[in-house]
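This report refers to the structure that appears directly beneath it.
None of the values given here were measured: they were computed from a predicted structure.
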Amino acid sequence: MKRAIFFCSLAFATLHATAAPANAECIAPAKPGGGFDLTCKLVQGMLRLPLPQPAAEVEIKYLPGGIGAVAFDRAVRQQWSDPRTFVAFSTGSLLNLAQGKFGPHDAKDVRWLATLGTEYGVVAVRKDSRITSLAALRDLLRGNEAAAVFGAGGGVGSQDWVKVALLVKAASGDHKAMRFVSFEGGGQAIAALKGGHVDVFCGDAAEARDAFMAGELKLLAVLAPQRLGGQFRAVPTAREQGVDVVWQTARGLYMGPGVPEKDVAEWARTLRRIMATPEYARLLDTYALQPFAQSGAEMDAYVQREVQQMRALAGALHLRVR
Amino acid sequence: MRSKPHSRWRRFRQLKLARALLLLLLPALLLLSLLQLRVTANDVRHAANTAYDRSLLGALKAIDANVSTESGGLSVELPYRMFEFFELTASGPVHYRVATADGLVELGSADLPAPPQALQPGVPVFYDGVYFSEPVRLVAYMRDLERPTAQSPAKQLTIQVAESTQARDEFRRVFLRRAVAENALFLALTIGLSVLAVVLALRPLAGLSAQIAGRGAGDLSAIPGEGLPADVRPLVEAMNQHMRRIEQLASQQREFLDDASHQLRTHLTTLRVQVDFALREADPAHARDAVAALAGELQRATRSTHQLLSLARSDMAALEPADFDLCALLEEVAREFLPQARAKGLDLGLEGEPQRATADAGLLREAVSNLVANAIMYTPQGSITLSCAGDPLGWAVSVEDSGTGLPADLQRTAGSRFVRSAASSRSGSGLGLAIVHSIAQRHGGVLRLEPASEATGLRATLWWPRLPGNTETAS
């Protein structure tokens with residue numbers, strides 16, 4: 001695996017050898033291809049926007065392990081202080097932090113830089129499924145929690161698992177009795193859904209987009225406060241269907257605990273300036289992300305609030321809480 | 001002083017013994033106890049691991065049963081209750097990793113510590129590791145896949161499950177804490193009982209000690225052995241025997257002192273009378289006779305003193321047995337007494353072959369000298385013959401004379417101290433035979449007095465045995 005990382009970073013290094021020298025790096029705490037990779041690519045793209053000139057050239061590095069846990073643990077223990085190193089995180093990271101899956105650490109142990117955008121959860125079924133709406137799914141689960149088999153990319157306690165658990169609870173069922181099948185990622189879960197091995201897919205909009213566009217599956221709902229734009233315009237929210245479940249997957253960056261306050265503030269200013277431009281909005285759209293820009297003091301407050309909520313949620317779902 | 005704090009002194013003595021025993025016992029018991037704890041700790045560790053590993057393997061099998069590659073990808077159904085149960089058993093987080101053998105497809109915690117050795121299909125491997133700086137116990141298991149996944153060519157599946165060591169550590173801690181408490185209790189009980197046993201066992205001894213310590217200086221009576229433990233009785237018996245010997249010696253010495261003072265007083269009284277007489281005598285010729293008589297008495301007193309000393313020596317001196325020629329010794333004595341015998345016109349002769357013998361040569365010479373001196377004294381005319389003999393049982397020295405023989409009234413008492421033949425001249429001190437008798441006794445032998453082979457005369461035979469124990473059999 002190490003060799004693979006090395007190979008990837010080497011590939012990026014050679015790819016951008018002719019461009020401006022890399023003067024920042026983004027650590028995706030996972031294998032290439034996931035949501036963290038996407039976040040890093042996003043920051044790489046936005047810092048390249050000529051507004052008025054490119055802010056920095058970003059190199060992406062991969063540090064897989066524990067869905068972000070290894071990177072977080074290392075950043076805290078080694079007191080990372082490089083003012084040009086970002087680490088990608090998502091709402092899932094905050095959920096893990098709240099469950100103690102990041103080791104004996106707290107949200108205050110690193111410097112939270114900004115959120116760049118957000119995704120919302122989706123609920124999908126096969127296009128010929130007997131479940132035709134979220135209400136039908138709710139009614140099905142109300143009688144028997146094990147009536148539908150859910151497939152997703154994470155394990156027990158992951159964001160996808162929590163989404164399913166919230167759906168089951170919304171159907172006044174017992175989430176402990178539901179059937180949940182874990183796959184290596186959203187892509188494989190969708191493949192299993194298409195093959196009829198699971199009944200319902202719970203994940204993020206971006207994961208389901210390709211199959212949805214190809215007409216291979218049907219989206220029952222988006223777990224957003226209001227309907228999403230673009231291709232998802234026609235998909236109703238869960239709330240519209242009387243199921244009050246919203247799941248936002250914010251994507252952002254944090255920095256090492258040893259990074260000076262002024263460097264964090266400087267980066268926050270730069271990012272905020274870029275996120276206010278229409279060019280950035282277009283960039284977000286290519287990644288199927290919704291705008292969700294937080295930085296500075298409001299960023300810290302957001303993370304604290306979010307971890308608090310995650311902790312309460314995990315407790316309510318009988319997960320381990322730190 | 002000694003009798004007042006009697007019981008306190010005794011208790012102190014008991015405690016001293018108990019303390020000495022404890023000093024030996026305590027470190028040994030402590031060491032034994034620690035050793036036992038160590039063994040227990042090892043056993044508990046093994047037992048806890050065996051028990052908890054079984055439930056860990058159960059968790060692995062449960063996950064394995066939920067693994068599927070039906071959809072083409074790798075999937076695990078994760079019932080919440082299963083994990084709830086796992087975590088309840090382990091009292092801490094349970095992590096798992098399900099992956100193809102080449103690691104290209106993996107679910108769960110990707111960075112769980114790898115097993116220490118290559119896995120064999122179907123054989124679970126248990127090992128310890130650290131996950132997120134927490135100690136964990138892991139089990140790894142590999143099995144064949146019915147159908148490979150679309151993302152990896154690997155034909156084998158690896159499953160790892162890790163659980164916090166919290167539960168087993170807690171189990172061990174509780175068990176060990178109890179074992180420590182129990183060991184401490186048993187140690188305390190053992191020591192307490194040991195002290196009690198020591199004190200109880202030593203109580204008769206302490207009583208004995210007190211009894212002996214409380215005796216008067218001159219009290220040599222036997223110590224009563226009744227009520228004492230059988231182990232102590234031989235000691236008491238030996239002590240009693242020793243005291244009997246001391247008593248015997250003391251009475252002998254008292255007797256000797258009585259006799260000696262009596263004897264010397266007699267001589268001194270006689271001398272004083274003679275001196276008074278000589279002083280009052282006006283006639284020089286008579287005075288001279290008186291002084292001559294005085295000289296004779298002085299000579300007798302000197303001889304008495306000399307003999308008293310040799311008696312004391314024969315009684316008290318340590319026996320120094322040595323190997324020597326008995327005949328040569330007799331010859332020496334005979335040569336010594338030859339002038340005296342000649343002066344009296346006696347024939348002093350020696351019979352016997354050279355004979356090796358074992359005895360205290362000095363004492364034996366003293367004995368023979370006394371016998372010869374007696375013979376010369378009590379033989380008016382005729383001969384005196386010295387002879388020696390030896391056989392496997394012992395040796396004998398005889399002095400035979402042709403004198404007056406031993407009067408019938410002295411047959412029994414001869415050999416007692418200061419008994420003199422009534423017919424004898426006044427020159428005898430009465431100690432000669434007593435000395436010989438004593439020397440014979442010291443050698444474990446006897447002095448026999450019997451009529452000589454001729455019509456008159458006496459044959460005195462000193463016989464002592466060859467036994468190695470002939471030394472110091474009596475004192």
Seminar exercise, completed: When rounded to the nearest 0.5 Å, the distance separating SG of Cys202(A) from CD of Gln159(A) is 11.5 Å

For this session: Check each atom of Arg179(A) against the heavy atoms of chain B and say whether the ones under 4.5 Å are side chain, backbone, both or neither.
Result: both

Seminar exercise, completed: Looking only at Thr149(B), Leu104(B), Val76(B), the option with the highest number of non-hydrogen pairs under 4.5 Å against chain A is Val76(B)

Exercise. Has Ile190(A) got more than 12 heavy atoms of other residues, nucleotides or ligands less than 6.0 Å from its CD1?
Worked result: yes

Problem set entry | Top contributor to chain B interface from Ala69(A), Gly103(A), Gly154(A) [non-hydrogen pairs under 4.5 Å] | Ala69(A)

Problem set entry | Choice from Ala99(B), Ser109(B), Ser75(B) maximising heavy atom contacts with chain A below 4.5 Å | Ser75(B)

Exercise. Of the options Tyr141(B), Phe86(B), Phe83(B), which is the one that meets Tyr96(B) in a ring pair (Phe, Tyr, Trp, His ring centres under 6.0 Å)?
Worked result: Phe83(B)

Exercise. Considering only heavy atoms, which portion of Glu134(B) lies under 4.5 Å from any heavy atom of chain A: side chain, backbone, both, or neither?
Worked result: neither

Exercise. Taking the six-membered ring of Phe175(B), is the NZ or CZ of Arg178(B) close enough (under 6.0 Å from the centre) and on axis enough (within 45°)?
Worked result: yes

Exercise. How about Arg45(B): does its CZ atom have over 12 heavy atoms from other parts shown lying under 6.0 Å from it?
Worked result: no

Problem set entry | Passing candidate, salt bridge (Lys or Arg N to Asp or Glu O under 4.0 Å) with Glu170(B), options Arg173(B), Arg168(B), Arg172(B) | Arg173(B)

Problem set entry | Side chain / backbone / both / neither for Ile67(A) at chain B, heavy atoms under 4.5 Å | neither

Exercise. Among Arg77(A), Lys194(A), His175(A), which residue forms the greatest number of heavy-atom pairs with chain B at distances under 4.5 Å?
Worked result: Arg77(A)

